[in-house]
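Contents: one structure, followed by commentary.
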Amino acid sequence: MTIYLDAVWTLNLFLDWLLLLCTQAIARLQVPKLRIFAGAVVASLIVPVTVYFPDSFLAHPVGKLLFSMLIIWTAFGFRSVTRFLKMLLLFYFITFAAGGSLFAIHYMLQTQAAFTPASFLTVSTGYGDHVSWLFVAIMFPIALYFTKSRMDKQRFEQFRYDQLHTVQVSINGISHKTDGFIDSGNHLSDPLTKRPVVICDQLFLRNWFTEEDWQLLARANDNLDLDLLPEDWPYEFSVVPYQGVNGEGALMLVLKPDSILIEMDQSPIETDRVWIGIQFGNLTADHRYHCLLHPSLVHDASTQAG
């Protein structure tokens with residue numbers, strides 16, 4: 001068996017560099033690119049060590065761990081034990097996640113490869129298996145991109161989950177609960193009463209209306225004419241101006257609730273100084289929540305009832 005060390009080392013250097021760049025991107029650290037490359041150079045040194053010294057200390061689990069710590073120290077430095085361990089575990093997680101994805105495809109294509117957290121080594125007779133080299137060069141960046149995108153999406157979903165709270169809305173003496181999302185970008189308020197506007201979608205608000213009543217409400221919204229609503233309705237409506245995403249002004253139909261109760265971890269927040277903006281549609285495609293909460297309801301004590 002012939003191993004072209006320079007080719008294997010170059011491939012490992014490229015892959016280790018991608019791994020460290022992905023680790024930096026997910027951790028959101030500001031680190032010089034040259035330092036990241038230096039960490040990749042250190043990581044790629046496992047290739048000659050593996051080839052020339054197969055029984056060295058670095059071939060054992062403790063040696064591999066120490067070598068990985070050297071890689072992280074070179075690429076990201078040492079500021080605290082917590083930060084260092086976080087980067088080390090993140091590096092291992094990305095390595096295993098990307099390597100697992102690659103091996104899954106590898107198994108399907110039956111391409112020969114060997115993978116460790118510090119290196120990726122393809123070996124064959126002659127210059128190398130061209131399918132294997134092409135596979136690694138193309139598929140590894142794709143697997144790494146997929147890993148990063150999934151982790152970024154998971155982080156965003158976790159952020160959304162952390163901002164969700166159970167909300168109880170009472171209108172005309174009838175109460176219903178749903179999940180509400182604290183929208184930091186929602187600054188919609190009634191310019192006259194200064195009351196914040198909580199936006200609820202139709203799937204939730206239709207709990208208070210019959211199909212016929214909802215159609216009347218939708219027609220009044222389309223024409224922005226409250227005179228189209230029955231005079232004997234026990235609901236208080238108004239319109240609030242707002243600026244759309246295109247920068248143009250518009251009006252939103254709003255409804256006065258009896259109260260809104262937000263279940264927080266510390267203590268519930270209840271208020272009646274609020275309008276409910278009517279969203280004739282769904283707020284999310286996955287129906288994760290049906291209410292956009294105004295941030296002042298949580299952070300401004302003056303909006304609490306009483």
Notebook entry, point to check: Taking the side chain as C-beta and beyond, is there a heavy-atom pair between C200 and H290 under 4.5 Å?
Noted result: no
Check: So, for Y235 and F209, is the gap between ring centers shorter than 6.0 Å?
Finding: yes
Next item on the list: Measure the CG-CD distance between N221 and Q279 for me, rounded to the nearest 0.5 Å.
Entry: 9.5 Å
Notebook entry, point to check: Is a donor on one side and an acceptor on the other found under 3.5 Å between the side chain of K256 and the backbone of D272?
Noted result: yes
Note to self: Can you give me the closest heavy-atom contact between I260 and V274, atom names plus distance?
What the structure shows: CD1-CG1, 3.7 Å
Next item on the list: Measure the acute angle between the ring planes of W208 and H176, then classify it against the limits of 30° and 60° as parallel, tilted or perpendicular.
Entry: perpendicular
Check: Ring centres of F280 and W214 under 6.0 Å apart?
Finding: yes
Note to self: Just to verify, which of I278, I199, V197 counts as forming a side-chain contact (heavy atoms from CB on, under 4.5 Å) with V254?
What the structure shows: V197
Next item on the list: List the atom of N223, the atom of L228, and the distance in Å for their closest heavy-atom pair.
Entry: ND2-CD1, 3.9 Å
Check: Can you hop from V81 to L65 via hydrophobic side chains spaced under 4.5 Å?
Finding: yes
Check: What distance do C291 atom SG and L205 atom CG have between them, rounded to the nearest 0.5 Å?
Finding: 8.5 Å
Next item on the list: If the plane angle is over 60° it's perpendicular, under 30° parallel, otherwise tilted; pick one for Y289 and F181.
Entry: parallel
Check: Do M87 and T23 pass the side chain to side chain contact (heavy atoms under 4.5 Å, CB included) test, and can you show the C-alpha distance, the side-chain angles, and the key distance before you say yes or no?
Finding: CA-CA 7 Å; M87 297 304 299; T23 303; 3.6 Å; yes
Margin query: Minimum heavy-atom separation for G281 and D201, please, with both atom names.
Written below: O-CB, 2.9 Å
